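Note sheet for the following structure.
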Amino acid sequence: MSSDQVTEIARTPRVPDRPTLDGIEAKWSEAWEREGCYRFDARAPREQVFAIDTPPPTVSGSLHVGHVFSYTHTDAVARYQRMRGKAVFYPMGWDDNGLPTERRVQNHFGVRCDPSVAYDPGFQPPAEPSEKEPVSISRPNFVELCLRLTETDERAFEELWRRLGLSVDWSLTYTTIGAHAQRVSQRSFLGLLARGEAYQLEAPTLWDVDFQTAVAQAELEDRERPGAMNRVRFRTEDGADALIETTRPELIPACVALLAHPDDQRQRALVGKDVLTPLFGTRVPVLTHPLVDPEKGTGLVMVCTFGDLTDVVWWRELSLPVRSVLGADGRLAEVPWGAAGWESEDVERARREYEQLAGRTVNQARKRILELLAEAGEIVGEPTQITRAVKFFEKGERPVEIVTSRQWFLRTMAHTDKLIERGRQLHWHPPYMRARYEDWVGGLTGDWCVSRQRFFGVPFPLWYPVDQQGIVRYEQPIPAEQSQLPVDPSTDLPAGYTEAQRGQPGGFVGDPDVMDTWATSSLTPQIAAGLAAEAAPAGEGEELFARVFPMALRPQAHDIIRTWLFSTVLRAQLDHDQLPWSNAAISGWVLDPDRKKMSKSKGNVVTPMHLLEEYGADAVRYWAASGRPGTDTAFDAQQMKVGRRLAVKLLNASKFALADLPREGDALGSPLDRAMIARLARAVAEATESFEDYDYARALERVEVFFWWYCDYYLELVKGRRYDSGQTQAGRDGAASVSRALRRSLSVFQRLLAPFLPFVAEEVWSWWQDGSVHRARWPDARELREALGEVGEAPAAGEAAVEDEALAVAADVLKEVRKAKSEARRPMRAPVARLLVRDTPQRLAALQLGLGDLRAAGSIDLVETAEADELAVEVELAPEDA
RNA sequence: GGGCGCGUAGCUCAGUGGGAGAGCGCUCGCUUCACACGCGAGAGGUCGCAGGUUCGAAACCCGCCGCGCCCACCA
């Protein structure tokens, strides 16, 4: 593509009589698809590739205004980079794996997954789904339904993205549950296993009792819940009181120790002794630990297995025994009072009391044990009502518990120093977002638990041998072969076994779990780059992968820095020993006008499609693009109207500039034209600089401000010359200059606005240019400045300054003239009989260069000047009848 | 409790050492030959509070107040 495109009209402009935005979205999105406008050029060398790790939206929800907001930011950057000549790798993924989809499928079809049920190839979901009495189906059947439902969602999402004008290469589409993503995810896991970065452990794990699955630290959130603080009496053997305070009395049977701070004098007499638990008479030691806060409660704290994460710390560091009462279903389990570990001073009583609790949920058991404690006189004083922060699984409805189970972990704690270093190598936009990453990495307390006891996810590619006694030998996992991937160990077979051996002594079992959804999402750069690599000719895939990965950009919202961003950095570190991308652009949220995060319910009222229909894609994009990187932005339909105005303005300014252009005498000779082009060059430089820093909002603001000034002042000032009748050589020269300036500036404006308003920019570009504006070259400030030198010598700095001042003074005076007409309540075309301009000698001298244009623009007959310290004008309007 | 960000016109925000600004909203005016999906003009602010640095502070430093987000050992 030649840079001359900036100046040359490719063909006679075809400008509609009445330009309109109607219909341009359908017209151009179809054309872009037909022409392959956004297709990634797989032959581009690595230094020309700009690869984007697009966030795959969760398809089981609905896209809301917040998605439109942040995806528009990325698209503006993608379009800029494409115009800069980059081969933009811009894929789209759908995150359809995981719990949200499971829940949705359960409700939609009225089914429940039961892994013990056999696969039914002819299964059809019930005609009238019942949430109350779901049909139990096999895991493969369940997964089929998940796929069926997500496919519909994905079509709707793609439709919306196309309507919004995202310049995605739709041939690069993946799903996180698809075979390709599963293969990448399982291959990575097997590599980690081989290198000892993945391990399994029977250990206390965060557990959601409703979903009955392990969850990760990153998936927790705090919620304020009312609670009651009870003062409960433990006793030493010689009958002395040891008082503790607790909000979780139901865990007293699981108590394994009482703790005090080592320096707490008040507890000195107790430390080192044993005490008996109330009701159950279990003997537990009183120990010390520096984490105990002597100011809290009585200064004595009960350690249970397990009430919270601190209990786990104490249990581990003090080598305490396990005495676990809570089952995976969130109810208190039966326990063998009197057996090893469950000794009691009064076994019969312990059994009797515990019978009142077994089988109850946590809340029921808490209520009951408080009654029992009160009856036994072991509660001291009245309970205090408090509000406390309780940890919940972010998608859960009851607090998480800590349950001991066998889980798979990825090593993270061994790599935190390296991960912080990687975070410092990453370019953050805005830079302060790095702090959130460092806080998170620095605050990690354990390795990443990646196994989930769920169904719709990527299975672990593992089986375990079953020995002759029928015991599963978890410590000897049988990994899948690379060539088998992806595998589902519940239906596929490990090498050397037959299906008949499944679950039999001497046979095998498949790993029943699936991976955490983030365990797959954390590989999106590798999944996306792998898509291109798989499509490459044989033998070239690896080389192509290396041209795409690591990528240039990860765009995402700030709330998932601790999950998605962190885990992606971790996986790239573990698998590739490098960063997955060089830049992270963090977007904010969309807030309600009342400054709260826009809620799902409201998001459903104001659907993105509804907005696009009402205001148009360019208008919605304009609002989105005005939200600065990392900053939360209020939802504002008013701004969309402003965006629509800008789009209409571009239509009309283009019409004006292109109508009846003279084809000869292309001299850029007039001072105001030259000054405008020089100012335009500065605007281009600012927009470019902003985009290079990923600040699309600043780029838009600079372009927009200058474009409105151009329309309001420059276009008005040059209208007279633009319509010159051509009777004199000076008139013809002036018209030719304006014509040339309009063509140059219009071409630049159309391209500067293209990343933000792709539809209208393409529309006006098509009136006079061949090819898509989105494949045109991003305007270049230097090139524009050089254009000023095309007639004779490039202007000297001093000359350029005078020309710029001429434009400034002419615009200032024009404003004063307009003011006078406005105050006189006369139309703007009302003739001015006489104009007196007072100003500094320098500015008056500069004004001479633009006097002709000013007179035409203001319909001014006579202009006089007088020297003064600052601008002041006297306007004498011609009589109204004249 | 710790960290980060924010506090400028009624609203949304730009401005980071030397004139307090934009858009929207509001008021008034104008059928002007690109545009009534328009154009022009106007009103409106102790730049959160208090100190300090400086010839000069909305901006830099210290403290405080308020709002938001993230994190925390939540007994």
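Chain identifiers are assigned alphabetically (A, B, ...) following the order of the sequence lines, protein sequences preceding nucleic acid strands; residue numbering begins at 1 within each chain. Just so it is clear, the model here is predicted, and its values are computed rather than measured.
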query: So, is A/Lys649 near the phosphate of B/G38, with a side-chain N or O under 4.0 Å from OP1 or OP2?
result: no
Side-chain polar contacts of residues 868-878 of chain A - donor-acceptor pairs under 3.5 angstrom, sequence neighbours left out - could you list them?
| residue | atom | partner | partner atom | Å |
| --- | --- | --- | --- | --- |
| A/Glu874 | OE2 | A/Arg838 | NH2 | 3.2 |
| A/Glu876 | OE1 | A/Arg834 | NH1 | 3.4 |

- request: Go through the side-chain N and O atoms of A/Gln750 and A/Trp768 and say whether any donor and acceptor fall under 3.5 Å apart.
  value: yes
- prompt: If only side-chain N and O atoms of A/Arg722 are considered, is one of them under 4.0 Å from the OP1 or OP2 phosphate oxygen of B/C33?
  reply: no
message: Less than 6.0 angstrom from the centroid, inside 45 degrees of the normal: does A/Arg436 satisfy that with respect to the ring of A/Trp428?
response: no
- prompt: Which parts of residues 699-710 of chain A get close to RNA chain B, meaning a heavy atom less than 4.0 angstrom away?
  reply: A/Glu701, A/Trp708
statement: RNA chain B in dot-bracket form (Watson-Crick or G-U pairs under 3.5 Å, [ ] crossing, | inter-strand) is ((((((((.[[[[.)..(..]]]].(((((.......))))).....[[.[[..)....]].]])))))))....
field: Output field: ring centroids A/Trp709/A/Phe706 closer than 6.0 Å
entry: yes
Residue-phosphate contact under 4.0 Å: A/Arg562 side-chain N/O, B/C71 OP1/OP2: yes
task: Name the closest nucleotide to the A/Thr247 side chain, picking from B/C69, B/A14, B/A75.
output: B/A75
Per A/Ala435 side chain, nearest of listed nucleotides B/U32, B/A75, B/G3: B/G3
- prompt: Can a side chain N or O of A/Gln217 be found less than 4.0 Å away from OP1 or OP2 on B/A72?
  reply: yes
- request: Answer with base, sugar-phosphate or nothing: what part of the nucleic acid does A/Cys711 contact at a heavy-atom distance below 4.0 Å?
  value: base
message: Below the 4.0 Å mark, does B/A41 have OP1 or OP2 next to a side-chain nitrogen or oxygen of A/Lys821?
response: no
